[in-house]
Q: 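Encoded as structure tokens, here's the structure I'll be asking about.
Numbers restart at 1 for each chain; the letters A, B, ... are given by sequence-line order, proteins then strands. The structure displayed is predicted, hence computed values, not measured ones. The basis for the numbers below is simple: all heavy atoms, side chains too, and nothing from hydrogens, waters or symmetry mates.
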There are 2 protein chains.
Amino acid sequence: MGRVMERNTRQRGAIRRAFQRASRPLSTNEVLDLARGEVTGLGIATVYRNIRTLVDEDWLITVELPGESPRYELQGKGHHHHFHCSRCDRVFDVASCTGNMPEMIPPGFVLDRHLIVLGGLCAECASAT
Amino acid sequence: MGRVMERNTRQRGAIRRAFQRASRPLSTNEVLDLARGEVTGLGIATVYRNIRTLVDEDWLITVELPGESPRYELQGKGHHHHFHCSRCDRVFDVASCTGNMPEMIPPGFVLDRHLIVLGGLCAECASAT
DNA sequence: GTCGTTGCAAAGCGTTTGCAGCCTA
DNA sequence: TAGGCTGCAAACGCTTTGCAACGAC
């Protein structure tokens, strides 16, 4: 019994800070770029391993998007959805939810989750047109 | 100029029929399994190549789901969304749409698409519990 | 000193591509 | 018969894993 102590390495600290500073979900490569600002030579395998660990311990949640590699963001933001910018490829949080999902399902089906992904241009890319 | 004639091979015919008979979006492997019923020895590369061709000529549309490999279905079904069964992994069409997406986006963002994915158990899996 | 963690390189896995032979038109 | 199409195997890109060295506690 008893969980093994988790160690605080420079790498793990840099990865955690990348998420804490970001206001949006990050991809593995975005984390690698951000964390390399602190830890040069940081390996991609270390980023993958730490993200998995942080998801396992519920510090991060996985944000799955259609046709995209997963993003990750801090746990505890409550129910929300996401917006994917087709120009810069970044993902942003969207606060509200339209509700009335249950009306949409066929008879006999049991609904236990729903996901909404919006797409288009983020404010930055839209104004840069 | 002028497009090159497309040939009707046994393989392509079997792949087309798999989609015509299915009432739901199919994955590459589902297509392989179904089409192999007609064409033994059918190669997976042929399935990938034909699906790509059929999407390019708008005979099929791509159904992208978060964290899943893409499914494909016949073009021309109009606006609808999808339900993913977490037990059998099959995907089903869902007819209606809740609307009021535009209200959800942050200021400055330009919305050009939205996607809703419902999840849970399909009628078959739910009744088999 | 222990043993969790890291970087590197190799292994996996699903998808794509090169190629020689096949087969439709 | 031309050239699009197919099956096989190799190549790809992304993610995971094996391993010896490293370093947090």
Side-chain angles (χ1 to χ4, degrees), chain A residues 1-19 25-57 59-72 84 89-91, chain B residues 1-19 25-57 59-72 84 89-91:
Chain A
M1 65 303 165
R3 302 205 309 97
V4 178
M5 176 71 84
E6 179 175 297
R7 294 179 185 175
N8 293 314
T9 61
R10 288 184 312 131
Q11 290 85 343
R12 180 163 297 157
I15 290 167
R16 279 195 143 106
R17 278 185 290 281
F19 284 109
L26 300 177
S27 67
T28 306
N29 276 311
E30 285 175 326
V31 174
L32 181 66
D33 289 344
L34 291 168
R36 272 190 173 159
E38 288 186 42
V39 182
T40 36
L42 175 65
I44 185 70
T46 298
V47 175
Y48 277 107
R49 278 188 286 232
N50 273 286
I51 287 178
R52 168 175 287 199
T53 301
L54 294 170
V55 168
D56 286 347
E57 64 190 32
W59 194 82
L60 286 179
I61 62 163
T62 304
V63 177
E64 309 253 41
L65 301 164
E68 290 284 313
S69 53
R71 268 67 167 182
Y72 304 89
H84 175 231
D89 220 41
R90 291 182 298 179
V91 175
Chain B
M1 67 292 172
R3 304 205 306 97
V4 178
M5 174 73 84
E6 178 174 298
R7 295 182 185 173
N8 293 314
T9 61
R10 288 185 311 132
Q11 291 85 345
R12 180 164 297 157
I15 291 167
R16 279 194 143 107
R17 279 185 289 281
F19 283 109
L26 300 177
S27 67
T28 305
N29 276 311
E30 285 175 326
V31 174
L32 181 66
D33 290 344
L34 291 168
R36 272 191 174 158
E38 288 185 44
V39 182
T40 35
L42 176 62
I44 184 71
T46 297
V47 176
Y48 277 108
R49 276 187 288 232
N50 274 286
I51 287 178
R52 168 174 288 199
T53 300
L54 294 170
V55 169
D56 286 348
E57 63 190 33
W59 194 83
L60 287 178
I61 63 164
T62 304
V63 177
E64 308 253 41
L65 301 164
E68 291 283 313
S69 52
R71 269 68 167 180
Y72 305 89
H84 176 231
D89 219 41
R90 290 182 298 178
V91 174

Q: Have a look at B:Leu42 and say if it touches a base, only the backbone sugar-phosphate, or nothing, with a 4.0 Å heavy-atom cut-off.
A: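 Sugar-phosphate contact only - B:Leu42 comes under 4.0 Å of backbone atoms but never of a base.
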Q: C:dC23, OP1 or OP2 - any side-chain N/O from B:Gln11 closer than 4.0 Å?
A: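 The answer is no; no side-chain N or O of B:Gln11 sits under 4.0 Å from OP1 or OP2.
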Q: Could you give the CD1-to-P distance, from A:Ile44 to D:dT17, as a whole number of Å?
A: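 For the pair A:Ile44 CD1 and D:dT17 P, the rounded distance is 15 Å.
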Q: In this structure, how many angstroms lie between the C1' atom of D:dT16 and the CG atom of A:Leu32, rounded?
A: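 Atom CG in A:Leu32 sits about 16 Å away from atom C1' in D:dT16.
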Q: Can you find a heavy atom in the side chain of B:Asp89 that is under 4.5 Å from one in the side chain of B:His84?
A: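 The answer is yes; the side chains approach within 4.5 Å.
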Q: Protein-nucleotides 11-13 of chain C N/O pairs closer than 3.5 Å?
A:
none

Q: Is A:Ile51 close to A:Thr62 at the side-chain level, that is, under 4.5 Å between some pair of heavy atoms?
A: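 Of all side-chain heavy-atom pairs linking A:Ile51 with A:Thr62, none is under 4.5 Å.
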Q: Quick one, give me the B/S/- string for nucleotides 19-25 of chain D, reading 5' to 3', where B means a protein heavy atom under 4.0 Å from the base and S means that only happens at the primed atoms, P, OP1 or OP2.
A: ----BBS
Q: Side-chain N or O of B:Arg12 versus OP1/OP2 of C:dC23: is the shortest distance under 4.0 Å?
A: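 B:Arg12 to C:dC23 OP1/OP2: no side-chain N or O under 4.0 Å.
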Q: Nearest nucleotide by nearest heavy atom, which residue falls closer to the 5' end of DNA chain D, B:Val47 or A:Asn29?
A: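 Nearest-nucleotide comparison on DNA chain D picks B:Val47.
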Q: Quick one: does B:Glu68's side chain get under 4.5 Å of B:Val63's, heavy atoms only?
A: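 Sidechains of B:Val63 and B:Glu68: no contact.
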Q: Between D:dC14 atom P and A:Arg52 atom CZ, what is the distance in whole Å?
A: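 Going from A:Arg52 (CZ) to D:dC14 (P), I get 18 Å.
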Q: Can you measure B:Asp89 atom CG to C:dG14 atom C1' for me and round it to whole angstrom units?
A: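 In whole Å, C:dG14 C1' lies 15 Å from B:Asp89 CG.
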Q: How many angstroms lie between atom CG of B:Leu42 and atom CZ of B:Arg10, to the nearest 0.5 angstrom?
A: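 Going from CG on B:Leu42 over to CZ on B:Arg10, the span is 9.0 Å.
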Q: Are any of the side-chain heavy atoms of A:Glu64 and A:Pro66 separated by less than 4.5 Å?
A: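 Contact flag for A:Glu64/A:Pro66 side chains = no.
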Q: Specify the closest pair of heavy atoms between B:Phe19 and B:Tyr72, including all atoms of both residues, with the distance to one decimal.
A: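 Answer, listing the atom of B:Phe19 first, then B:Tyr72: CE2-O, 3.2 Å.
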Q: Is there a side-chain contact between B:Ser69 and the phosphate of C:dG14, meaning an N or O under 4.0 Å from OP1 or OP2?
A: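 B:Ser69 to C:dG14 OP1/OP2: no side-chain N or O under 4.0 Å.
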Q: How long is the line joining CD of B:Glu57 and P of D:dG4, in whole Å?
A: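 Rounded to whole Å, this separation is 15 Å.
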Q: Which pair of non-hydrogen atoms, one from A:Pro25 and one from A:Val91, has the smallest distance, and what is that distance?
A: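 Residues A:Pro25 and A:Val91, closest heavy atoms: CD-O, 3.4 Å.
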Q: Provide, to the nearest angstrom, the distance between the CG atom belonging to B:Asp56 and the P atom belonging to D:dC5.
A: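 For the pair B:Asp56 CG and D:dC5 P, the rounded distance is 12 Å.
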Q: Take B:Ile15 and B:Leu54 through the test side chain to side chain contact (heavy atoms under 4.5 Å, CB included) and record every step on the way to the result.
A: CA-CA 10 Å; B:Ile15 291 167; B:Leu54 294 170; 4.2 Å; yes
Q: Out of the candidates A:Glu6, A:Glu38, A:Glu57, only one should pair with A:Arg12 under the salt bridge (Lys or Arg N to Asp or Glu O under 4.0 Å) rule; please name it.
A: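 The passing option is A:Glu6.
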